[in-house]
Amino acid sequence: MSQPRDHWSSNTGLVLAATGSAIGLGNLWKFPFITWENNGGAFVLVYLICIAAVGLPIMMAELLIGRRSQKSAVGALKEAAGPAWGLIGGWGVLAGFILLSYYTVIAGWSLYYFAQSLGWSFGGYPAGMSAGDLFDTQVGNAGLQLMLSLGFSIGTIAVVYFGVSRGIERIARIFLPILFGILILLLVSALGMSGSGEALGFIFRPNFGELPREGILEALGHSFFTLSLGMGAMITYGSYISRKQSIVKAAGAIVALDTLIALVATIIMFSVIFSVAGMSEEVGGSTVGMLFISLPELFYTEVPFGVLLGPLFYVLVALAALTSTISLLEVVTSYVIDEHGLTRNKATVGAGMAIFVFTIFAALSFTGTPFLSSLEIFEGKVGWFSNADHFVSNWMLPTGGFFITVAAGWMMTRSTTESELLDGNEPRWFHYGAWRFFIRFVAPVAVAAIIIAVITGVDFS
Ligand code: PFF
């Protein structure tokens, strides 16, 4: 029983929804941290090169594979490259399933910090309370973790339930402008802080002597994660594009916005951190530390207008995370609809509930739960959550991305991809020959380098 396919109502709708998918915890949580860990400047420059040379061409490839077939990841890859390629689509759907299951847990933390920060804004930051203790208490509370993740999962399911134009696009149209507005406000106040000069220098002054070698792989790996590539999310979103909309323009806008927001978020966070004496030595510990430990306390003890900016910041994190979780659920839902013929309502609720079972495992990873908190599959990764994240980021996304480049660059004919990209609406800066060179040679070689590095034991998650 085939159902008529929903479409984005306009190019802006597509760009906002896909940008919403791309901008997420990767921009606000992972990128600032890995920039910190890799000593700033040179890392940021390498990251920008990876985004332009690998991320952008693959973004176009995924969107075109989706638009051409008007099918979700499995059907689209079969149509692009042959029946066996359905397996690669299936690998992507599985990646979306696992990624969503643990991403929801961190997204849930943003709800908690939003509620807490609202409380502090009205009641004052409790004297003598360390943000580190607060974090440990919330993350170790099984009941709270389950409630937060459940709340976020229900929000995600509710949006996807309404479909592409009435659910996903509508939410993106409302939330993204709010998100941009909050970021501008935070940026303006961050630039006024005493540490902003040091922060800008740290981020934009490259010193290649300080870039660790794994930093290059980390930049490349992160460009997949942050652009939602390698698992069919953009293939799925591409399948809702109509012929009238230019893939190249959309891809350019999505990639530019995602990169801009990552940089802005990093400037904001580092300005706050560099404004407080001694803080920059303390935050180095972990990704979690930066977003959920250093910042909350600083908002209330150091930052001008922190009572206002604190809650705003956590709303921002929650909105950014939601527009990403809906795209992850859409990957799985659209697969179930297209390949198994379920209605959207049934597919959304069924997929959402199945994924939530695994969210429970991820949520209990930090609560001292036997097995879930101590599981160690990959060396040095302790707990369900860390192993799942390592598997998806280091193994699944790069391998999926590699095969997508092969499908678009080597399996599809020149005339097919050319007619998809040169659709009469493409912008002037675009050269098809350059795209084809990058997708056939540069991107697969770069991605193969990540895979080889992972096989030989380099860890960059
Ligand atoms: N791009 C998202 C982020 O940066 O947080 C993560 C993500 C979302 C990856 C959706 C993949 C995806 F399909």
Side-chain angles (χ1 to χ4, degrees), residues 16-35 47 50-51 55 58-59 62-63 65-66 72-73 76 89 91-110 152 156 159-160 168 171-172 175-176 179 183 218-240 251 254-255 257-266 287 291 316-335 351 355 388-389 391-401 404 461:
L16 287 175
T19 304
S21 166
I23 298 175
L25 298 168
N27 304 59
L28 307 174
W29 174 61
K30 261 194 178 172
F31 182 69
F33 173 66
I34 56 179
T35 300
Y47 170 75
C50 294
I51 289 284
I58 300 182
M59 176 67 76
E62 287 205 17
L63 291 178
I65 290 174
S72 58
W91 183 241
V93 173
L94 185 64
F97 189 104
I98 304 176
L99 179 46
L100 178 55
S101 72
Y102 67 83
Y103 197 92
T104 300
V105 176
I106 316 278
W109 295 350
S110 65
F152 215 92
T156 307
V159 177
V160 174
I168 299 174
I171 285 294
F175 282 6
L176 276 217
L179 193 141
L183 268 175
E218 197 160 359
L220 195 55
H222 185 66
S223 55
F224 273 88
F225 187 87
T226 192
L227 294 174
S228 308
L229 298 174
M231 45 154 283
M234 292 298 161
I235 296 183
T236 308
Y237 273 19
S239 74
Y240 305 121
I254 298 161
V255 170
L257 283 169
D258 182 75
T259 310
L260 183 72
I261 301 300
L263 292 175
V264 168
T266 311
T287 347
L291 188 57
L316 169 82
V317 179
L319 295 186
L322 182 67
T323 50
S324 298
T325 53
I326 57 183
S327 71
L328 288 162
L329 183 56
E330 181 60 23
V331 171
V332 183
T333 301
S334 66
Y335 156 75
I355 292 166
D389 181 30
F391 183 54
V392 171
S393 304
N394 285 21
W395 292 91
M396 297 194 87
L397 300 186
T399 43
I404 289 169
S461 75

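We count ligands from 1, going down the list as the structure has it; atoms in each ligand are counted the same way. Along the sequence shown, residues carry numbers from 1.
Ring pair H222/F31 is parallel by interplanar angle, where below 30° counts as parallel and above 60° as perpendicular. In this pair, Y240 and Y237 present their aromatic rings tilted. The plane angle is within the 30 to 60° band.
Of all the atoms in ligand 1, the ones that sit under 4.0 Å from a non-hydrogen atom of S327 are 10 (C). The contact set between ligand 1 and L25, taken as ligand atoms under 4.0 Å from a residue heavy atom, comprises 5 (O). Taking every heavy atom of A233 and a limit of under 4.0 angstrom, the matching atoms of ligand 1 come to 13 (F).
Here the shortest heavy-atom distance to atom 10 (C) of ligand 1, taken over G24, S228, G230, G92, belongs to S228. Comparing F31, Y103, F225, W29 against atom 5 (O) of ligand 1, the shortest heavy-atom distance belongs to Y103.
The closest side-chain heavy-atom distance from F225 to V392 is not below 4.5 Å.
Heavy atoms only, all atoms of each residue included: M231 and E62 are closest at N-OE2, 4.2 Å.
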Practice problem: Test side-chain hydrogen bond (donor to acceptor under 3.5 Å, both in side chains) on S228 and S21 and set out the steps. | Solution: CA-CA 7 Å; S228 308; S21 166; 2.9 Å; yes

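Some N or O of G26 is nearer than 3.5 Å to an N or O of ligand 1, by distance alone. The shortest N or O to N or O distance between A22 and ligand 1 is under 3.5 Å. At least one N/O-N/O distance between S21 and ligand 1 falls below 3.5 Å.
Counting heavy atoms of neighbouring residues, nucleotides and ligands inside a 6.0 Å radius, atom OH of Y335 does not exceed 12 of them.
Under 4.0 Å from ligand 1, the heavy atoms of M231 that appear belong solely to its side chain. Using a 4.0 Å cut-off between heavy atoms, L99 contacts ligand 1 through its side chain alone, with no backbone atom that close.
Judged purely by atom type and a 3.5 angstrom limit, Y103 uses its side chain to pair as donor or acceptor with the backbone of L25.
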